[in-house]
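Atoms considered below: every heavy atom in the structure, side chains included; atoms not considered: hydrogens, waters and symmetry mates. Remember, predicted model here, so these are calculated numbers, not experimental data.
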Amino acid sequence: MGGYMGFGMASWIYKQRPRKAFSKRKRRPTCNTLPSYERTFKLQPSTKSSRWSLLVTIMLLGLFFTSFYFKAPVVIRQTNTMLTLKKERIERENIEAFDFLYHSGIRRLHGNNLKGAYSEFKLAQAIYPEHEALNQLMIETLTVLCEDDNGYCDELDALLSKLL
């Protein structure tokens, strides 16, 4: 059975005759132009392309290592600068956070909010544990809080043992 193939049908389609039942037919012509013998494919290196690819590879590696040689000190210097700036920023933010928490705790003490002041002082102590005025305020606050709640007495003992 044939079909529409563009501008007309192939001539072998309309020249066909009805075949006899159980008869052997001739092969139809195909578009396949491969010969009937079996081909083998074998990879072989090409001398021209391997020379050029080797030369291009060596040139690219040379360019890479040359650019790395000249750019490595710049990258290392920039990395060190960025690390220094990062440390300075972290230190500045720690100072700001400590000042805020310290002064907020003092304001809470003036407002007679002892538990709030203790929580602020505890957060400030996590930033700078060696601050003397802060440690003194924490001891005084815990001493007053210890009169009402024994849990604060344990924290006062732990703080005093750590400081002494």
Side-chain angles (χ1 to χ4, degrees), residues 1 3-6 30-164:
M1 173 172 263
Y4 181 71
M5 298 175 63
T30 62
C31 296
N32 191 357
T33 57
L34 291 176
S36 60
Y37 63 91
E38 188 176 319
R39 291 184 172 189
T40 58
F41 181 73
K42 183 177 172 186
L43 285 176
Q44 296 178 348
S46 173
T47 56
K48 291 182 182 178
S49 66
S50 67
R51 287 181 191 158
W52 282 106
S53 64
L54 180 64
L55 181 65
V56 168
T57 304
I58 291 173
M59 289 177 62
L60 287 176
L61 285 173
L63 180 67
F64 172 74
F65 285 118
T66 304
S67 64
F68 181 75
Y69 178 75
F70 288 114
K71 292 294 180 177
V74 174
V75 171
I76 291 171
R77 190 170 47 248
Q78 180 68 20
T79 303
N80 291 338
T81 304
M82 294 302 291
L83 287 175
T84 305
L85 290 174
K86 184 178 178 181
K87 286 178 184 177
E88 290 173 359
R89 179 185 53 84
I90 289 171
E91 184 65 28
R92 188 175 58 247
E93 288 176 356
N94 282 344
I95 291 171
E96 290 173 5
F98 177 80
D99 287 342
F100 173 77
L101 290 169
Y102 182 75
H103 293 297
S104 175
I106 291 175
R107 280 194 302 271
R108 287 184 185 214
L109 273 179
H110 290 302
N112 205 18
N113 182 359
L114 297 176
K115 290 182 181 179
Y118 173 67
S119 68
E120 298 285 339
F121 291 149
K122 194 172 181 180
L123 290 173
Q125 189 186 32
I127 297 172
Y128 290 120
E130 301 298 323
H131 195 269
E132 291 181 20
L134 174 67
N135 288 332
Q136 184 63 34
L137 283 172
M138 283 189 69
I139 290 170
E140 292 172 3
T141 306
L142 281 173
T143 304
V144 174
L145 285 172
C146 181
E147 294 174 359
D148 295 332
D149 190 0
N150 287 337
Y152 291 109
C153 293
D154 296 335
E155 292 181 28
L156 177 62
D157 291 338
L159 179 65
L160 288 173
S161 65
K162 186 173 75 170
L163 293 177
L164 298 176

Hey, are the side chains of [X] and [Y] touching, using non-hydrogen atoms and a 4.5 Å cut-off?
| X | Y | result |
| --- | --- | --- |
| Ile139 | Leu163 | yes |
| Leu145 | Asp149 | no |
| Asn150 | Asp154 | no |
| Leu85 | Thr81 | yes |
| Glu155 | Lys122 | yes |
| Phe121 | Leu101 | no |

Check: Does the distance from a Lys or Arg side-chain N to an Asp or Glu carboxylate O, for Arg92 and Glu88, drop under 4.0 Å?
Finding: no
Note to self: I'd like to know if the side chain of Asn113 reaches the main chain of Gly116, judged simply by a donor and an acceptor atom lying under 3.5 Å from each other, with no hydrogens or angles considered.
What the structure shows: yes
Notebook entry, point to check: Minimum heavy-atom separation for Asn94 to Ile127, with atom names?
Noted result: O-CG2, 3.8 Å
Notebook entry, point to check: Would Tyr152 and Glu147 count as having a side-chain donor-acceptor pair, cut-off 3.5 Å?
Noted result: no
Check: Hey, what do you get for OH (Tyr102) to OG (Ser104), rounding to the nearest 0.5 Å?
Finding: 12.5 Å
Next item on the list: Provide the full list of side-chain hydrogen bond (donor to acceptor under 3.5 Å, both in side chains) pairs with a residue in residues 127-138, sequence neighbours left out, each pair given once.
Entry: Glu91-Tyr128, Gln125-Asn135, Gln136-Glu140
